[in-house]
Engineer: 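Input: one structure, supplied below.
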Amino acid sequence: MEKIPMTAGGHAALEVELKQLKSVERPAIIRAIAEAREHGDLSENAEYHSAKEKQSFIEGRIKELEGILSLAEVIDPAKLSGPIKFGATVTLVDEDSGEERTYQIVGEHEASIEKGLLNIKSPIARALIGKEEGDSVEVRTPGGDRGYEVIKVAYI
């Protein structure tokens, strides 16, 4: 199996979610199922079916997280330098609007565009890989072609 690159922060967040699911969510849903069973006829028991559905979701997410964490390769961006690669924090200027944005290139399981965490497999990240400060890059996005200039590259 292929290793999954992620930052230490992303790895820790997934471990916290897994612990929460195993130690809080799983026991709570087991109690909810037991309570719903006590209400009698399971064929018409909406609480029971809802709890079983939630249990299925929780167990699936636990298995997914365990799989991701078992394949995780934690990369410390502070130990890197040079052209843009995984872990880089990149400041870009949109060549059309002049808007400045800062993103960190991270693994797909920790990506959140709202938090400035850019999926390594996204069109912007793929276009940035190997570029350096001062380079211009053209990105084909669903909204059309966009041009960006790389203002700053840091490994924090």
Side-chain angles (χ1 to χ4, degrees), residues 1-30 32-33 49-156:
M1 290 234 135
E2 190 176 318
K3 288 286 187 187
I4 300 171
M6 64 179 55
T7 64
H11 189 268
L14 292 180
E15 284 183 327
V16 166
E17 181 183 353
L18 180 60
K19 185 176 180 183
Q20 169 77 11
L21 288 171
K22 283 182 165 183
S23 63
V24 177
E25 301 288 329
R26 182 188 269 168
I29 200 64
I30 289 170
I33 290 170
H49 292 290
S50 174
K52 287 297 281 184
E53 190 174 305
K54 186 172 181 181
Q55 181 187 35
S56 175
F57 171 79
I58 289 170
E59 294 302 326
R61 183 65 178 155
I62 287 171
K63 284 190 182 355
E64 179 185 18
L65 289 172
E66 287 174 341
I68 291 166
L69 291 170
S70 72
L71 295 172
E73 179 181 357
V74 178
I75 298 171
D76 181 3
K79 295 180 180 174
L80 303 173
S81 63
I84 298 172
K85 57 184 142 287
F86 180 89
T89 300
V90 183
T91 303
L92 305 171
V93 170
D94 186 312
E95 292 177 343
D96 294 332
S97 69
E99 186 180 344
E100 194 172 295
R101 295 184 181 153
T102 300
Y103 298 110
Q104 181 180 19
I105 299 175
V106 297
E108 65 182 306
H109 299 287
E110 58 187 311
S112 169
I113 200 72
E114 297 83 25
K115 296 178 183 175
L117 301 173
L118 194 60
N119 182 346
I120 185 95
K121 295 181 179 179
S122 71
I124 296 174
R126 287 196 314 250
L128 290 171
I129 299 297
K131 302 290 190 249
E132 297 182 357
E133 288 181 13
D135 287 352
S136 286
V137 62
E138 287 291 320
V139 181
R140 175 161 283 138
T141 67
D145 290 350
R146 307 289 301 208
Y148 296 98
E149 181 181 348
V150 178
I151 301 298
K152 182 179 176 190
V153 178
Y155 292 93
I156 305 167

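Fair warning: this is a prediction, and the values are worked out from it, not measured in the lab.
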Engineer: Rounded to the nearest 0.5 Å, what separates atom CD1 in Ile4 from atom CG in Leu14?
Structural biologist: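 The CG atom of Leu14 is 9.0 Å from CD1 of Ile4, to the nearest 0.5 Å.
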Engineer: Which heavy atom of Ser70 sits nearest to which heavy atom of Gly67, and what is that distance?
Structural biologist: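 So the minimum-distance heavy-atom pair works out to OG-O, 2.8 Å.
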Engineer: Who pairs with Glu100 by salt bridge (Lys or Arg N to Asp or Glu O under 4.0 Å), at least two apart in sequence or on another chain?
Structural biologist: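 So Glu100 forms no salt bridge (Lys or Arg N to Asp or Glu O under 4.0 Å) with any residue.
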Engineer: Quick test of your reading: applying side chain to side chain donor-acceptor pair (under 3.5 Å), list the pairs with at least one residue in residues 110-119, sequence neighbours left out, ordered by first then second residue.
Structural biologist: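 Matches after skipping sequence neighbours: Thr7-Glu110, Ser112-Glu114.
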Engineer: Report the residues that fulfil side-chain contact (heavy atoms from CB on, under 4.5 Å) with Ile120, sequence neighbours left out, ordered by chain and then residue number.
Structural biologist: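 Counting only residues at least two positions away or on another chain, Ile120 forms a side-chain contact (heavy atoms from CB on, under 4.5 Å) with Phe86, Ile105, Ile129.
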Engineer: Going by side chain to side chain donor-acceptor pair (under 3.5 Å), name the residues that satisfy it together with Ser81, two or more places apart in sequence or in a different chain.
Structural biologist: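 Ser81: no side chain to side chain donor-acceptor pair (under 3.5 Å) contacts found.
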Engineer: Quick one: pull up CG in Leu118 and CG in Leu92 and give me the separation to the nearest 0.5 Å.
Structural biologist: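 One gets 8.5 Å once the value is rounded to the nearest 0.5 Å.
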Engineer: Could you work out, with side chain to side chain donor-acceptor pair (under 3.5 Å) as the rule, every residue matching Glu53, not counting sequence neighbours?
Structural biologist: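 Here no residue qualifies.
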Engineer: Would you compute the distance between atom CD of Glu17 and atom CG of Leu69 and round it to the nearest 0.5 angstrom?
Structural biologist: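 With rounding to 0.5 Å, CD (Glu17) is 9.5 Å from CG (Leu69).
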Engineer: Nearest 0.5 angstrom please: Ile68 CD1 to His109 NE2, how far?
Structural biologist: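 The CD1 atom of Ile68 sits 4.0 Å away from the NE2 atom of His109.
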Engineer: With Lys121, which residues qualify under side chain to side chain donor-acceptor pair (under 3.5 Å), at least two apart?
Structural biologist: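 For Lys121, the residues satisfying side chain to side chain donor-acceptor pair (under 3.5 Å) (neighbours in sequence not counted) are Glu108.
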Engineer: Please name the pair of heavy atoms, one in Gly87 and one in Pro77, separated by the smallest distance, quoted to 0.1 Å.
Structural biologist: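 That would be O-CB, 3.4 Å.
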Engineer: Under the side chain to side chain donor-acceptor pair (under 3.5 Å) definition, can you give me all pairs with a residue in residues 127-138, not counting sequence neighbours?
Structural biologist: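 Of all non-adjacent pairs touching residues 127-138, those that pass side chain to side chain donor-acceptor pair (under 3.5 Å) are Glu95-Ser136.
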Engineer: How would you list all residue pairs meeting salt bridge (Lys or Arg N to Asp or Glu O under 4.0 Å) that involve residues 67-80, not counting sequence neighbours?
Structural biologist: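 Found none.
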Engineer: For Ile62, which residues count as a side-chain contact (heavy atoms from CB on, under 4.5 Å) partner, sequence neighbours excluded?
Structural biologist: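 With sequence neighbours excluded, Ile62 shows a side-chain contact (heavy atoms from CB on, under 4.5 Å) to Leu18, Leu21, Lys22, Arg26, Ile58, Glu59, Glu66, given in chain and number order.
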Engineer: Under 3.5 Å, which donor-acceptor pairs do the side chains of residues 144-156 form with other protein atoms, sequence neighbours left out?
Structural biologist:
from   : atom 1 : to     : atom 2 : distance (Å)
Asp145 : OD1    : Arg140 : NE     : 3.2
Arg146 : NE     : Asp94  : OD2    : 3.4
Arg146 : NH2    : Asp94  : OD2    : 2.1
Tyr155 : OH     : Pro83  : O      : 2.4
Tyr155 : OH     : Lys85  : N      : 3.2

Engineer: Not counting sequence neighbours, which residues clear side chain to side chain donor-acceptor pair (under 3.5 Å) with Glu2? List them please.
Structural biologist: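 Once residues adjacent in sequence are excluded, Glu2 has no partner under the side chain to side chain donor-acceptor pair (under 3.5 Å) criterion.
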Engineer: Any non-hydrogen side-chain atom of Val106 less than 4.5 Å from a side-chain atom of Met6?
Structural biologist: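 With C-beta onward as the side chain, the pair stays apart.
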Engineer: Output all residues satisfying side-chain contact (heavy atoms from CB on, under 4.5 Å) with Ser56, sequence neighbours left out; order by chain, then residue number.
Structural biologist: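 Partners of Ser56 by the side-chain contact (heavy atoms from CB on, under 4.5 Å) criterion come out as none, since no residue qualifies.
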